[in-house]
*Asks:* 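The structure's right below; bear with me while I get my questions together.
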Amino acid sequence: GDTVKLLFNYINTLDKNIQFTFECSKECIMFLDLNMYIHLNPSNKLLDSSLYIKPTSKDIFLNYTSAHPKKMILNAARNEFRRAINSSSTPELQSQSINRIAELLSK
């Protein structure tokens, strides 16, 4: 734990424009666009995943009324839903991820 903190503190002194962060958790790891959930049971160990959207995300998508071809606009939305489905390991997590994308697209 302390070695990792020392490493991150050192790396963050190398360039003021590039700052790294890390989080520690016993249940969940955020990696790229995934939440990885670790379930430790005496009988088995499970790993589940779901869509992760960084809190710093601007949530910007192609506006439906933009001058882009409608096919491009629809494909952008379709691919976001596909990403939500493919990144989720259970039907419940898929539903949560799909609802999150629907919420973002309806803004």
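If you're wondering where the values come from, they're calculated on a predicted model, not measured in any experiment. We use all heavy atoms of the structure for the numbers below, so side chains are in, but hydrogens, waters and symmetry mates are not.
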*Asks:* Run Leu7 and Thr3 through side-chain contact (heavy atoms from CB on, under 4.5 Å) and show every step you take.
*Replies:* CA-CA 6 Å; Leu7 174 64; Thr3 306; 5.7 Å; no
*Asks:* What are the two closest non-hydrogen atoms of Asn12 and Gln19, and how far apart are they?
*Replies:*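 In this case the closest contact between Asn12 and Gln19 is O-NE2, 3.0 Å.
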*Asks:* Taking the side chain as everything from C-beta on, heavy atoms only, tell me whether Leu47 gets closer than 4.5 Å to Ile38.
*Replies:*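 They are in side-chain contact.
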*Asks:* Could you tell me whether the side chain of Ser97 and the main chain of Ser88 form a donor-acceptor pair under 3.5 Å?
*Replies:*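 No: the side chain of Ser97 does not pair with the backbone of Ser88.
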*Asks:* Applying side-chain contact (heavy atoms from CB on, under 4.5 Å) to Leu93 and Asn35, what does each step give before you reach the verdict?
*Replies:* CA-CA 10 Å; Leu93 292 172; Asn35 275 323; over 6 Å; no
*Asks:* Applying side-chain contact (heavy atoms from CB on, under 4.5 Å), run through Ile73 and Lys70 and close with a yes or a no.
*Replies:* CA-CA 5 Å; Ile73 295 169; Lys70 290 296 178 211; 4.2 Å; yes
*Asks:* For Ile98 and Leu51: C-alpha separation, side-chain torsions, deciding distance, then whether side-chain contact (heavy atoms from CB on, under 4.5 Å) applies.
*Replies:* CA-CA 9 Å; Ile98 289 168; Leu51 179 67; over 6 Å; no
*Asks:* Kindly indicate whether the side chain of Ile11, heavy atoms from C-beta on, has any atom under 4.5 Å from the side chain of Ile18.
*Replies:*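 Ile11 vs Ile18: side chains apart.
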*Asks:* Of all the heavy-atom pairs spanning Phe61 and Leu105, show the shortest one and how long it is.
*Replies:*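 Smallest heavy-atom distance, with atoms named: CG-CD2, 3.6 Å.
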*Asks:* What's the spacing between Arg78 CZ and Glu80 CD if we round to 0.5 Å?
*Replies:*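 One gets 12.5 Å once the value is rounded to the nearest 0.5 Å.
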*Asks:* So does Lys107 have more than 12 non-hydrogen atoms from other groups sitting under 6.0 Å from NZ?
*Replies:*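 Check passes, neighbour count above 12.
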*Asks:* What's the shortest heavy-atom distance between Tyr64 and Leu74, and which atoms?
*Replies:*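 Smallest heavy-atom distance, with atoms named: CE1-CD2, 4.1 Å.
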*Asks:* Counting N and O atoms only, with roles assigned by atom type, does the side chain of Thr13 sit under 3.5 Å from a partner on the main chain of Tyr10, one being a donor and the other an acceptor?
*Replies:*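 Yes.
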*Asks:* Out of curiosity, does Tyr52 fall in the hydrophobic cluster containing Phe81 (side-chain heavy atoms, cut-off under 4.5 Å, transitive links)?
*Replies:*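 No; Tyr52 is not reachable from Phe81 via cluster members.
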*Asks:* By the definition side chain to side chain donor-acceptor pair (under 3.5 Å), identify the one residue from Ser89, Ser50, Ser49 that meets it with Tyr37.
*Replies:*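 Of the listed residues Ser89, Ser50, Ser49, the side chain to side chain donor-acceptor pair (under 3.5 Å) partner of Tyr37 is Ser50.
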*Asks:* Quick check for you: to the nearest 0.5 Å, what is the distance between Asp59 atom CG and Ile101 atom CD1?
*Replies:*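 So the gap between those two atoms works out to 8.5 Å.
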